[in-house]
Amino acid sequence: MFSPASLLEVIQVLDVNASAFGVLSNQDIISGYQIDSRSVQSGHVFIAFHGNNQDGHDYLDQAQKNGASCAIVTRFVSNCSLGQIKVNDPLAVLVHIARVTRNRWPEQRLVVAITGSVGKTSTKELCARLLTNLGKTHKTFGNQNNVLGLSLTILNTPTDALFAVLELGINAKYEMETLADICKPDIAIITNIAPCHLEKLENLAGVAREKSALFQALGRHATAIIPTDTPHVDILQKAAQKSRKCSFGQASDQAWITVKDVVLDNKAKPTFTMRWQDEQAVCQLQTIGAHQVNNALAAATCATIAGMGLSDIAKALSTVDMTDNRMQLVENGQAGAWLLLDAYNASPLSLEKALQSMSEFSQQDKCLVLADMAELGDNALAWHKDAAYDAEKYGVTKLFTYGRLAIHTSNTFSGYAQHFEDLQQLQTALLASMHNDMVILIKGSRVMQLQTLSSALIQKQEEII
């Protein structure tokens, strides 16, 4: 869209003091934007952020070797010949470029924005998989769903993409308003409302109000996709009053798309019948947990709006397999135990859904490894105590906890429980307890780094042979 020379003009609208060093071509077209010099490819712009541990200005030479067209910096690096644009605030500049880029997107490109307390990334993956059947689709990488991640996703969208599926994540008031204004969605999905980020959003109604800012940003030609089976759905519906509305849910026959006959197999993978208008289609997900049904319904609703038929949707959903520490089943744990890896993030609702899924497994010994659930505000201690009751409800036989909050889960649990202050000691205790009639759910907020346990708990191929 821009050349390096025209990029300076775009930036100067926001930062009048922006200036250039070296040669900025007015012929080469910029092909993308990167904040990691190792990811730079020919034609990319390298943004040199100064972080706590590393300074991007030290990597301009590497970015140039990899083919960068220019760099956005906060100080000129005179011993590098790469063209540079100096700005005061690189994040603000990146957001500004993303806004300009989004405003210039062709009308035929359908922009889908997804938020919610839990299930955002899963729903994003399912949506992208469905829309790929209709045309080239670009999506948020991983869960890079904040202002920086959203801006980079928009700026790196291929020019021939027909669909952009964007994940939006927040943890404070007024953030959603900013994200929605940057991406200007044609379709907006809220997966659910649950206890998350309560330190800054205070309560469930606060979560609903902040999430609903996505719907408030929609114009009359855009569509809000509303979950019917969630608290404070009235707040969501009111926020969407200017736009078209569709809904999904299991408990209401009035929803746009509903389901019946949900059955879980012995690995907690759901099979169900989707219903839309006069059509029905059976779908079998490859993902684990009954909660994935709602994520599939949200994605299916989006796909029907985009013009996909229900039978094609069901077939496509049945092929999606998501892993990477999100309800990832590993059947070759040490001593024959199974592992259910779900340590990417944690909240009371996602923990309950994971426990419910594990309860469907046939193993007699059901072990929960729980680390702190972050950002739960003043009621964090109570939520962690409640986690013990959920563990008992869903048949947990052994509980291992780690963290200053999770100790309250261990102290409240009525069965066998051990608490650890050290991850290595936790790992040692787990390895000693593992056997072939055990399934272990590993759950905690990413900041607690429980994902580091998985490599030691999994049998290597040479051990199996």
Side-chain angles (χ1 to χ4, degrees), residues 110-134 137-145 149-150 153 163-170 176 179-180 183 185-194 196 207 211-212 214-215 223-230 233 236 240 246-250 255-259 262 269-270 272 274 276 283 285-306 308 313-314 316-328 342 344-345 347 349-350 353-354 357:
L110 192 70
V111 181
V112 180
I114 301 167
T115 192
S117 298
V118 295
K120 294 184 293 293
T121 303
S122 295
T123 303
K124 179 255 301 182
E125 293 294 333
L126 294 169
C127 266
R129 175 63 183 84
L130 293 177
L131 294 176
T132 298
N133 289 272
L134 301 176
T137 301
H138 184 64
K139 65 181 179 180
T140 299
F141 177 75
N143 72 330
Q144 295 178 0
N145 56 25
L150 174 63
T153 302
F163 302 97
V165 183
L166 310 173
E167 180 180 334
L168 312 183
I170 58 161
M176 185 57 70
L179 293 170
C183 70
D186 301 300
I187 297 175
I189 301 171
I190 295 180
T191 59
N192 49 45
I193 301 299
C196 273
V207 174
K211 297 289 187 184
S212 70
L214 177 60
F215 288 166
T223 303
I225 298 179
I226 305 170
T228 58
D229 308 335
T230 198
V233 67
L236 306 185
C246 289
S247 59
F248 65 94
Q250 299 185 49
W256 175 267
I257 287 186
T258 62
V259 299
V262 179
K269 294 181 179 180
F272 54 92
M274 284 191 296
W276 172 57
C283 179
L285 298 181
Q286 300 306 308
T287 50
I288 292 173
H291 61 286
Q292 293 289 0
V293 175
N294 260 21
N295 298 335
L297 289 181
T301 305
C302 176
T304 60
I305 295 168
M308 197 170 177
I313 290 171
L317 287 174
S318 297
T319 67
V320 182
D321 187 13
M322 294 177 291
T323 54
D324 192 21
N325 277 297
R326 296 177 184 275
M327 293 300 285
Q328 177 183 355
D342 197 25
Y344 202 91
N345 216 331
S347 68
L349 178 60
S350 66
K353 298 300 184 183
S357 298

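If you read the sequence from its start, that first residue is 1, and numbering goes on from there.
Checking each of Leu297, Ile225, Thr123 against Cys302 for a side chain to side chain contact (heavy atoms under 4.5 Å, CB included) leaves exactly one that passes, namely Ile225.
Contact detail for Gln250 and Ala290: the closest heavy-atom pair is NE2-O, 4.3 Å. For the residue pair Ala240 and Ala224, the shortest heavy atom distance occurs at CB-CB, 3.6 Å. Between Leu214 and Ala180 the shortest heavy-atom distance is CD1-CB, 4.0 Å. Between Gly119 and Thr191, the shortest heavy-atom contact is O-CG2, 4.0 Å. Across all non-hydrogen atoms, the minimal contact from Ile114 to Cys127 is CD1-SG, 4.0 Å. Contact record, Leu131 with Ala303: CD2-CA, 4.5 Å, taken as the closest heavy-atom pair.
The CG atom of Leu236 lies 11.0 Å from the NZ atom of Lys211; values are rounded to the nearest 0.5 Å. The CG atom of Asn294 lies 5.5 Å from the CZ atom of Phe248; values are rounded to the nearest 0.5 Å. Distance CG/Leu110 to CD1/Ile187: 4.0 Å, rounded to 0.5 Å. Rounding to the nearest 0.5 Å gives a distance of 10.5 Å between CG of Asn295 and NZ of Lys120. Rounded to the nearest 0.5 Å, atoms CG (Leu168) and OG1 (Thr140) are 7.5 Å apart. Here Leu150 contributes atom CG and Leu179 contributes atom CG; the two are 5.5 Å apart, rounded to the nearest 0.5 Å.
Using a 4.5 Å heavy-atom cutoff, the side chains of Arg129 and Thr319 are in contact. Between Ser357 and Asp342 there is no side-chain heavy-atom pair separated by less than 4.5 Å. A 4.5 Å side-chain heavy-atom check between Met308 and Leu134 finds at least one atom pair inside the cut-off. Within the 4.5 Å cutoff, side-chain heavy atoms of Cys246 are placed close to those of Ile305. For the pair Ile313/Leu130, a side-chain contact is recorded, criterion being any heavy-atom separation below 4.5 Å from C-beta on.
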Hey, mind stepping through Phe163 and Thr132 against side-chain contact (heavy atoms from CB on, under 4.5 Å) and telling me if it holds? CA-CA 8 Å; Phe163 302 97; Thr132 298; over 6 Å; no
Take Val118 and Lys353, measure what side-chain contact (heavy atoms from CB on, under 4.5 Å) needs, and give me the verdict at the end. CA-CA 10 Å; Val118 295; Lys353 298 300 184 183; over 6 Å; no
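The residues Glu167 and Lys139 are annotated as not salt-bridged, no charged nitrogen and carboxylate oxygen being separated by less than 4.0 angstrom.
At distances below 3.5 Å, at least one donor-acceptor pair connects side-chain atoms of Ser247 with backbone N or O atoms of Trp256. Counting only distance, with no hydrogens or angles, the side chain of Ser212 and the backbone of Phe215 share no donor-acceptor pair below 3.5 Å. One N or O on the side chain of Asn192 and one on the backbone of Ser117 form a donor-acceptor pair closer than 3.5 Å.
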